[in-house]
Colleague: 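I have a structure I would like to understand better, so I am pasting it below and will then ask my questions one at a time.
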Number of protein chains: 2
Amino acid sequence: MMTALGDPTRQAILDRLSDGPRPVGELADGLPVSRPAVSQHLKVLKDVGLVLDRQVGTRRLYRVDPAGLALLRSHLDQFWQRSLEAFESTIEDQEGASDDDPAD
Amino acid sequence: MMTALGDPTRQAILDRLSDGPRPVGELADGLPVSRPAVSQHLKVLKDVGLVLDRQVGTRRLYRVDPAGLALLRSHLDQFWQRSLEAFESTIEDQEGASDDDPAD
DNA sequence: GCTAGTCGTAAGTCGTAACTTACCGTTCGT
DNA sequence: ACGAACGGTAAGTTACGACTTACGACTAGC
């Protein structure tokens with residue numbers, strides 16, 4: 001999932017989709033790559049659960065999947081949590097070797 | 001920055017670092033790649049502001065940069081915000097065209 | 001049923017970046 | 001001062017994935 005977000009084009013696609021649902025052709029128009037390329041990127045994003053698609057008439061509307069975004073956010077939050085805890089522990093190891101409240 | 005996190009090896013490195021500071025050799029021991037490879041990845045992560053390093057004796061300790069993590073989080077939050085707003089607008093466009101409380 | 005419009009997929013090319021080995025600089029211990 | 005440990009950098013190979021063109025499938029309108 002994080003890996004899928006590594007590509008700049010996919011970031012751009014997801015960025016446009018965050019403004020609302022878009023058909024493939026319209027996405028491709030605003031990007032420096034061909035329409036099939038956009039289709040392939042959309043497939044990747046869909047496989048990892050970051051976008052949803054629905055057929056409407058002759059075109060296919062893609063939009064951001066809130067659930068996928070929630071997953072991404074929770075992962076990052078867990079990561080954030082662990083890092084902060086480790087950060088505080090490190091400080092304690094450095095300065096707190098003698099005291100419990102090193103106020104400077 | 002998001003692009004830097006695209007590589008699985010870098011994700012693994014950052015994952016270990018989230019448990020606390022680690023020297024390069026120790027990181028390489030727990031990974032299926034050589035030590036120079038880890039060094040190169042660390043350079044990338046450092047360039048985008050995701051890790052910090054400090055020399056201690058003969059080795060170099062790397063750790064997660066809280067500021068970089070904060071940036072990443074804020075970017076994702078902005079994205080999250082926009083997506084939710086677009087999502088709600090879409091619903092209004094779809095169902096709210098006639099009523100304000102479509103209970104079905 | 002035919003045409004036009006939109007999109008997904010297949011096949012193939014090409015650039016890049018992830019990785020390796022080899023080498024050199026730096027720091028600590030004796 | 002010398003040897004050992006640790007790590008960054010250079011050079012080169014290779015695998016992967018991002019992209020293009022070509023084609024087929026599906027839907028809507030006439």
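Note on naming: letters A, B, ... go to the chains in the order of the sequence lines (proteins, then strands), and numbering restarts at 1 for each one.
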Colleague: Per the atom types in the model, does the base of C/dT6 pair as donor or acceptor with the side chain of A/E26 at under 3.5 Å?
Modeller: no
Colleague: Are the side chains of B/R63 and B/L17 in contact, using a 4.5 Å heavy-atom criterion?
Modeller: no
Colleague: With a cut-off of less than 4.0 Å, is there a side-chain N or O of B/H41 near OP1 or OP2 of C/dC19?
Modeller: yes
Colleague: Between D/dA18 and A/R10, is there an OP1 or OP2 to side-chain N/O distance shorter than 4.0 Å?
Modeller: yes
Colleague: Output the rounded distance in Å from CG (A/L61) to P (C/dT6).
Modeller: 13 Å
Colleague: So A/P36, base contact, sugar-phosphate only, or nothing? Heavy-atom distance under 4.0 Å.
Modeller: base
Colleague: Under a 4.0 Å threshold between the charged nitrogen and the carboxylate oxygen, would A/K46 count as salt-bridged to A/D65?
Modeller: no
Colleague: Between A/L31 (CG) and C/dC7 (C1'), how many Å, whole number?
Modeller: 16 Å
Colleague: Counting only heavy atoms not in A/R59, do more than 12 fall under 6.0 Å of its CZ?
Modeller: no
Colleague: Decide yes or no for B/L31 and B/R16: does some side-chain heavy atom of the first lie under 4.5 Å from some side-chain heavy atom of the second?
Modeller: yes
Colleague: Tell me whether the OP1 or OP2 atom of D/dC19 has a side-chain N or O from A/T9 closer than 4.0 Å.
Modeller: yes
Colleague: Taking for each residue the nucleotide of DNA chain D with the nearest heavy atom, is it B/V24 or A/Q40 whose nucleotide lies nearer the 5' end?
Modeller: B/V24
Colleague: Between A/R59 (CZ) and D/dA25 (C1'), how many Å, whole number?
Modeller: 18 Å
Colleague: Please report, rounded to the nearest Å, how far the C1' atom of D/dA10 is from the NZ atom of B/K43.
Modeller: 13 Å
Colleague: Is the distance from OP1 or OP2 of D/dT20 to the nearest side-chain N or O of A/S34 less than 4.0 Å?
Modeller: yes
Colleague: Grab the CG-C1' distance between A/L42 and C/dG8 for me, whole Å please.
Modeller: 11 Å
Colleague: Considering only C/dC19, C/dT6, D/dG7, which nucleotide approaches the side chain of B/A37 most closely?
Modeller: C/dC19
Colleague: Do A/S18 and B/Q81 have side-chain atoms, one donor and one acceptor, less than 3.5 Å apart?
Modeller: no
Colleague: Would you say A/R60 reaches C/dG8's phosphate, i.e. side-chain N/O to OP1/OP2 under 4.0 Å?
Modeller: yes
Colleague: Write down the distance between CG (B/L45) and P (D/dG8), rounded to a whole number of angstrom.
Modeller: 12 Å
Colleague: Any side-chain N or O of A/Y62 below 4.0 angstrom from OP1/OP2 of C/dG8?
Modeller: yes
Colleague: Assuming nearest nucleotide by heavy-atom distance, tell me which of B/V33 and A/Q55 is located more 5' along DNA chain C.
Modeller: A/Q55
Colleague: I need the CZ-P distance between A/R35 and D/dT21, as an integer number of Å.
Modeller: 12 Å
Colleague: For the pair made of CG in A/L27 and C1' in C/dC7, what is the distance, rounded to whole Å?
Modeller: 12 Å
